[in-house]
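A short worksheet on the structure shown next.
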Amino acid sequence: MNETPKVNLLGMPRDEMEAYFVSLGEKPFRARQVMKWIYEAGVADFAQMTDIAKSLREKLIEQAEVRAPEVMLDKGSADGTHKWLLRMDEKNGIETVFIPDGERGTLCISSQVGCALDCTFCSTARQGFNRNLSAAEIIGQVWLANNQLGYQKGKRIITNIVFMGMGEPLANYANVVKALKVLMDDFGYGLSKRRVTVSTSGIVPAMHRLNEEIDFALAVSLHAPNDELRDILVPINRKYPISELMDACWAYVKKKPHRHIYVEYVMLDGVNDKDEHARQLAKLLGGLPCKVNLIPFNPFPGTPYRRSPLERINAFRDILVRKGLVTVTRRTRGDDIDAACGQLAGQVLDKSRRAARMAAHMTKVPTR
Ligand code: SAH
């Protein structure tokens, strides 16, 4: 059969959806109605969108769809963390993680299958780069998680979104911008810009561009206070060294009042966690409105790195605090379900292959 593929409305920014409705011979405001059904009510079935004329519903059923990725695995952790393994297509899977913390519920989403950046302490880098996620696949993660977790006392359980799952969001620029628009649109998820964080390893030109295009919260994966060390840990540094990264950070904080940056710093035993590194870091960040997040390294099979001991992390933090930097140590969460930072997927495909092997094996076991 040679059917034209349906238009997936999930993840489509409002202006694009308005243009789509106009192309169907409809009024643009239909986009807002349909978006409310999709995002507020979590409805994918056009037949249920009862305030929309039947003729339009029929048109939509024929030509469009609201299609989220398929859930392969859905796992809860003892600490309330929740992880979903989602199938993107026959070959690709990604992970999405929900992290509750008091009133706040953060969903950590992926922007790519795998990653091209090769940061030496990250397990996603191990699997290499497969492909970019579409805006539908990015927003699909939020849609699925929101539908499952829902509301508590009239408020959404998911209050914050961070692009800290698999992939480098700024290497998938166009689709990430679309997703940001839907996340922050009043007819989408209506999240404030402070609650949507883009985390980047420092693709400097894309940082400047995004800063011009949209408002968002910025996290920078710094991990080293000098180029010599950062060249090794975050190899994109060879292309965009720390001085250029700092310029992009300053451009971001200066664009609007009261802005600050989250600086991410993974604590690697004996590698980047010495007093000297803390002093260099304080000097580098001196004056920049920022909050430093120290992330205890999460080991994965085959990694040469170890997590810094807690006393070392505390001593490092104390130096930064004495130099006037707001510094917090990130708690590791979801360890028991491999949902912690840097532990995401790479396992997805292995797991499914392992599952296939096991299934093949099982059929050989004689049943009585
Ligand atoms: N590519 C983006 C977003 C994905 S990584 C970026 O680099 O920011 C999200 C965060 O997890 C980053 O700060 C990353 O450096 C950190 N991370 C990656 N691997 C980790 C590991 N094994 N242990 C702890 N943190 C890790």
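Counting starts at 1 for both ligands and their atoms, following the listed order.
Under a 4.0 Å N-O distance rule, the pair Glu16/Lys181 does not qualify as a salt bridge.
Listed by number with element, the atoms of ligand 1 under 4.0 angstrom from any heavy atom of Ser221 are 6 (C), 7 (O), 8 (O), 12 (C), 13 (O), 15 (O). Those atoms of ligand 1 with a heavy atom of Phe163 less than 4.0 angstrom away are 3 (C). Within ligand 1, the atoms closer than 4.0 Å to a non-hydrogen atom of Ser201 are 6 (C), 7 (O), 8 (O), numbered from 1 in the order shown. Those atoms of ligand 1 with a heavy atom of Gly167 less than 4.0 angstrom away are 1 (N), 2 (C), 3 (C), 4 (C). Under a 4.0 Å criterion applied to the non-hydrogen atoms of Cys122, ligand 1 contributes the atoms 18 (C), 19 (N).
Under the 3.5 Å distance criterion, the side-chain polar atoms of Ser110 are matched with a main-chain donor or acceptor of Glu95. Remark: side-chain polar atoms of Tyr305 are not paired, donor with acceptor, to backbone N or O of Thr120 under 3.5 angstrom. At distances below 3.5 Å, not a single donor-acceptor pair connects side-chain atoms of Arg317 with backbone N or O atoms of Thr327.
The proximity of Thr200 to ligand 1, defined as any non-hydrogen pair under 4.0 Å, is limited to the backbone. At a heavy-atom distance under 4.0 Å, atoms from both the backbone and the side chain of Phe121 approach ligand 1.
In this structure, Gly165 counts as a contact residue of ligand 1, since one of its heavy atoms falls inside 4.0 Å of the ligand. Heavy atoms of Met166 stay at 4.0 angstrom or farther from ligand 1. Proximity of Tyr305 to ligand 1 is not established, as no heavy-atom distance is less than 4.0 Å.
Phe297 and Met267 make their closest contact through CB-O, 3.3 Å (heavy atoms, listed as atom of the first residue, atom of the second, distance). In this structure, Phe216 and Met184 approach most closely via the heavy-atom pair CB-CE, 4.4 Å.
Cation-pi contact between Arg209 and Tyr173: present, with separation from the ring centre below 6.0 Å and deviation from the ring axis of at most 45°.
Looking only at side-chain heavy atoms (C-beta outward), Leu170 and Phe163 stay at 4.5 Å or farther from each other.
Taking each of His223, Glu264, Gln112 in turn, the one with a heavy atom nearest to atom 14 (C) of ligand 1 proves to be His223. Closest to atom 16 (C) of ligand 1 by heavy atom, among Ile295, Val266, Ile236, Thr303, is Ile295.
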